[in-house]
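Starting from 1, each residue takes its place in the sequence as its number. Both ligands and their constituent atoms are indexed starting at 1 by order of listing.
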Amino acid sequence: MDALITLLPGDGIGTEVTKGAREVLEAVAEKYQHSFKFDEQLMGGAAIDACGDPLPEQTIASCQAADAVFLGAVGGPKWSDPSAKVRPEQGLLKLRAVLGVYANIRPVKIYSELTGTSPLRAEILENVDMIVIRELTGGIYFGKKTRDATSASDLCVYTVDEIERIVRVAAKLARSRSSRLCSVDKANVLETSRLWREVTDRVMADEFPDIELETLLVDAAAMHLLSRPRDFDVIVTENMFGDILTDEASMLTGSLGMLPSASLGDSATGLYEPIHGSAPDIAGQGIANPCAAIASAGMLLRHSLGLEEEALAVESAISAAISFGARTADIVSAGESPISTDEMIAAIVNQLNG
Ligand code: IPM
Ligand code: MG
């Protein structure tokens, strides 16, 4: 098949891990005889430096013309002054809004060889396999913001439509897995959460009576994620809770560098990004973990290009590289020596070709 993929390396380790995603996609194209064209564009801090805009028109046009968009990461200390007028993250939020990718899918997959790198005991991690569906284009991220000399506010808004559509995405996914869905809110305090719960209960009762629904308050969910992670299958939650809970969930896998994501809307163009950020503390050292980025490229093959076999091949290549002992610094255990980002990429590409 022919496909056009926009690459947005962004900032910090974003550029280092995007190289991995690209090399893996190139290897897939070669092996399965597809033709993927890549269009690399500026975004985030790199775009602010080049033209003062974290999401230039040209980047938007490229994304809109593409079959899929891959993003590395944005942000960094250079652009994070609290008084700055333009910020790299604004570009990311605008891109999510422009592409209408309201459903952010974040699978939490445990590699048994890596349980030693998680701060949790290995027996707690046995059989953990969950997917968090994070609402991505609403809530407090997108509400009106105010700031004056003595106060600031962020408005959190959700509409019935926004909740219905994300619950449907999550419930359909639950149906294809173990038919269990956990909805996370803060209905004991927030009005948006009370609406979330009401709409979720109704949609589930009317349209998905076969799915078992559990509802948790976000503070309790944060605790249960650590105490009984294997009880979760599909979790659906609002934008900010999903942001926080998925960084927490990444610790089940041992490293933030292992979690990929796919952001989907009603049109085909999806946005794929590792959930980690630009990691300024390790940027430029060639030691970042490319697994999350490469797994995101796998999700791109599956969700935007419909190439399931190729997506599975990428996932198997990551697992195999890990089984054979390939480890970047964030996932080494005592006695193992870490390899560089490029070596990890090469190990995964080798498995794919092998
Ligand atoms: C994420 C990130 C972003 C978010 C930041 C970089 C704006 O943390 O994708 O989880 O909060 O959505
Ligand atoms: Mg986050």
Is it true that Arg96 lies under 4.0 Å from ligand 1, counting heavy atoms only? yes
Pair Arg22 + Glu40: basic N to acidic O under 4.0 Å: yes
Considering only the protein, which heavy-atom contact is closest to atom 4 (C) of ligand 1, and what is its distance? Tyr141 OH, 3.5 Å
Is Glu273 in polar range of ligand 1, meaning some N or O pair under 3.5 Å apart? no
Atom pairs and distances, donor-acceptor, side-chain atoms in residues 121-133, under 3.5 Å, two or more places apart:
from	atom 1	to	atom 2	distance (Å)
Arg121	NE	Glu123	OE2	3.0
Asp129	OD1	Arg177	NH2	3.4

Other than Val86, which residues form its hydrophobic cluster under the rule that side-chain heavy atoms must be closer than 4.5 Å? Ile48, Trp79
Any chance the side chains of Thr328 and Asp330 put a donor and an acceptor closer than 3.5 Å? yes
Candidate with minimal heavy-atom separation from atom 8 (O) of ligand 1, of Asp243, Leu136, Leu259: Asp243
Any heavy atom of Arg87 closer to ligand 1 than 4.0 angstrom? no
Give a yes or no on whether Glu198 atom CD has more than 12 heavy-atom contacts from other residues, nucleotides or ligands under 6.0 Å away. no
What protein N/O/S atoms lie closer than 2.8 Å to the Mg ion (ligand 2)? Asp243 OD1
Please list the nearest protein heavy atom to atom 7 (C) of ligand 1 with its residue and the distance rounded to 0.1 Å. Glu89 CG, 3.8 Å
To which residues is Ile282 joined in a hydrophobic cluster, defined by side-chain heavy-atom contacts under 4.5 Å among Ile, Leu, Val, Met, Phe, Trp and Tyr, whether direct or through other members? Ile13, Ile287
Element-labelled atoms of ligand 1 that are located less than 4.0 Å from some non-hydrogen atom of Arg106: 1 (C), 9 (O), 10 (O)
Nearest-contact summary for atom 5 (C) of ligand 1 - protein heavy atom, Å: Leu92 CD2, 4.2 Å
